[in-house]
2 protein chains.
Amino acid sequence: MRLVIARCTVDYQGRLAAHLPEAVRLIMVKADGCVAIHADGGAYKPLNWMNAPNTLREDGGTWSVTNPAGESLTITLHEVFEDSAHELGQDPGLVKDGVEAHLQELLAADPSTLGDDLELVRREYPTDIGPVDLLCRDRSGTAVAVEVKRRGEIDGVEQLTRYLERLERDPALRGIQGVFAAQVVKPQARVLAESRGIRWVEIDYDALRGIEVPQMRLF
Amino acid sequence: MRLVIARCTVDYQGRLAAHLPEAVRLIMVKADGCVAIHADGGAYKPLNWMNAPNTLREDGGTWSVTNPAGESLTITLHEVFEDSAHELGQDPGLVKDGVEAHLQELLAADPSTLGDDLELVRREYPTDIGPVDLLCRDRSGTAVAVEVKRRGEIDGVEQLTRYLERLERDPALRGIQGVFAAQVVKPQARVLAESRGIRWVEIDYDALRGIEVPQMRLF
DNA sequence: GTGTATATCTCGGGG
DNA sequence: CCCCGAGGTATACAC
């Protein structure tokens, strides 16, 4: 990783056109070739950047970064305060716990949390407008579509509504019911779900984890 | 801006739990207090981060970053290879051109791209759930609401559907039609739009720019 | 402050 | 490769 602190101007031409007036900034060049221009604030997002794969050409105080898609980033260095490089090596990567995919896994393993005697038919059941998280059947054989969210907001209810509309057209699924499952279901989402005959369930993540087998734990 | 290259482990506890095993990484601390942990690859997004406002406490080789929302980032330094600081100053900021606002401008200037003889009534026409991008009328006097996107996805169709439902309640707009305009309209969005009687149009941005007057350009 | 809409979103998974 | 959905989305702007 190369780190350059310099007074510079930057121009990006590609999906949009963007220009940075002259100022002192950090230019970060990673081992995979990606380039990011950082100011001293504004969260982690750089002011300007170019992702790999790309080509970096240095010509005196002018850097040209181009990629196969035809985008270009031009950096003009007016004054360089530091220019250092470090070997970081391969990163072992981030281990995450507590995201929607994990919730979905846990619920797929034990759908009874969502209602009496629910049995899983399949996860990511496909429709022509995208896959529904869980397709189940209850004891009476009625199909049940489940949308799982970490935070249950109005968008999720809309999403489940679209799926139900599509699934209802399949004769084998006629009469399908909807369940909206999330750790927290916001008031607006509750109202919308109820007005559409969709049942909503708040899930206790820690309780679900408690019944989980040890080797499923990530760390 | 402080830049530290170090062998470290990192743990985040907050909206989820995430762990980084020991490896050499860049730790960037910006003037506003935000902290980002970068590996030597993988676009501009850091592996882990904590945005301002937060509190950084250094205790030997252990850094604790906490924020008012109760999230925490713990960095354990095992070996420090570099630790430098630089004064960057206030950044004048980015000048952008070519985003959705620009597309909307161009279409407002020439709505005929969207359909025969469309005439603009007004941009950002207000409804009680937000403004619709363009309100037009066609030759027959029928109102037409236009939602403009750079990339036409399912969310945009939902958005336009909500506006149409509101606008239909206005007697002066009864019978209003919807047009979903984007540089690219994704297949799922096409299906949903058609099933709701909304016409979709793909826009050629470069062709629109070609007929644009020079003083509309930003730089 | 909450809600809504945008983003050069980034990132990962599946066909 | 594209399509699609999730994100600790972040960010700006309106109410």
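Residue numbers begin at 1 in each chain, while the letters A, B, ... track the order of the sequences.
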(request) Measure from CD on Q104(A) to P on dG7(D) and round the result to the nearest Å. (result) 11 Å
(request) Take atom CD of E158(B) and atom P of dG5(D), then tell me their distance rounded to the nearest Å. (result) 11 Å
(message) Mind checking if M50(A) touches a base, just sugar-phosphate, or nothing, with heavy atoms under 4.0 Å?
(response) nothing
(request) Using a strict cut-off of less than 4.0 Å between a Lys/Arg side-chain nitrogen and an Asp/Glu carboxylate oxygen, indicate whether D133(B) and R123(B) qualify as a salt bridge. (result) no
(request) Please list, chain by chain and in numerical order, all residues satisfying side-chain hydrogen bond (donor to acceptor under 3.5 Å, both in side chains) with Q188(B), sequence neighbours excluded. (result) none
(request) Quickly work out the H38(B) NE2 to dC11(C) P distance and round it to whole Å. (result) 11 Å
Short N/O separations, protein against nucleotides 10-15 of chain D, under 3.5 angstrom:
unit_1: dT11(D); atom_1: OP1; unit_2: G42(A); atom_2: O; d: 3.0

Below 3.5 Å between N/O atoms, which protein atoms pair up with nucleotides 12-15 of chain C? Just atom names and distances, please.
none

(message) Does any part of the side chain of L164(A), heavy atoms only, come nearer than 4.5 Å to the side chain of R166(A), both counted from C-beta?
(response) no
(request) Check the distance between dT9(D)'s P and L94(A)'s CG and give it to me in whole angstrom. (result) 14 Å
Close N/O contacts between protein and nucleotides 2-6 of chain C (under 3.5 Å):
unit_1: dA5(C); atom_1: OP1; unit_2: Y163(B); atom_2: OH; d: 2.9
unit_1: dA5(C); atom_1: OP2; unit_2: R162(B); atom_2: NH2; d: 3.0
unit_1: dT6(C); atom_1: OP1; unit_2: E100(B); atom_2: OE1; d: 2.9
unit_1: dT6(C); atom_1: OP1; unit_2: E100(B); atom_2: OE2; d: 3.1
unit_1: dT6(C); atom_1: OP1; unit_2: K149(B); atom_2: NZ; d: 2.6
unit_1: dT6(C); atom_1: OP2; unit_2: K149(B); atom_2: NZ; d: 2.3
unit_1: dT6(C); atom_1: OP2; unit_2: Q159(B); atom_2: OE1; d: 3.3
unit_1: dT6(C); atom_1: O5'; unit_2: E100(B); atom_2: OE1; d: 3.4

(message) Hydrogens and angles aside, do Q177(A) and R199(A) bring a side-chain donor and acceptor to less than 3.5 Å of each other?
(response) no
(request) Tell me which of L73(A) and P46(B) sits closer to the 5' end of DNA chain C, going by the nucleotide each one is nearest to. (result) L73(A)
(message) Nearest to the side chain of E71(B), heavy atoms from C-beta on, is which of dC4(D), dT8(C), dG8(D)?
(response) dG8(D)
(message) Give the residues of residues 192-202 of chain A touching DNA chain C, defined as any heavy atom closer than 4.0 Å, sorted by residue number.
(response) none
(message) Just by distance, no angles: are the side chains of K149(A) and Q183(A) close enough, under 3.5 Å, to form a donor-acceptor pair?
(response) no
(message) Can you check the distance between dC11(C) and dT11(D), where both ends of the measurement are the P atom (answer in whole Å)?
(response) 15 Å
(message) Would you measure the distance from the C1' atom in dA10(D) across to the matching atom in dA6(D) and give it in whole Å?
(response) 14 Å
(request) Please round to the nearest 0.5 Å and tell me the distance separating atom CG of L77(B) and atom CD1 of I5(B). (result) 12.0 Å
(message) By nearest heavy atom, map E153(B) and N48(B) onto DNA chain D; which one lands nearer the 5' end?
(response) E153(B)
(request) For the pair H38(A) and H38(B), name the ring-plane relationship: parallel under 30°, tilted 30 to 60°, perpendicular over 60°. (result) perpendicular
(message) For L120(B) versus A108(B), what's the shortest heavy-atom pair and its separation?
(response) CD2-O, 3.7 Å
(message) Tell me if a side-chain donor or acceptor on R190(A) pairs with a main-chain N or O of V185(A) at a distance below 3.5 Å.
(response) yes
(message) Return the CD to CZ distance between E100(A) and R151(A), rounded to the nearest 0.5 Å.
(response) 12.0 Å
(request) Only counting residues at least two apart or in another chain, list the ones meeting side-chain hydrogen bond (donor to acceptor under 3.5 Å, both in side chains) with N67(B). (result) E71(B)
(request) For dT8(C) versus dA14(D), give the span between their C1' atoms, rounded off to a whole number of Å. (result) 25 Å
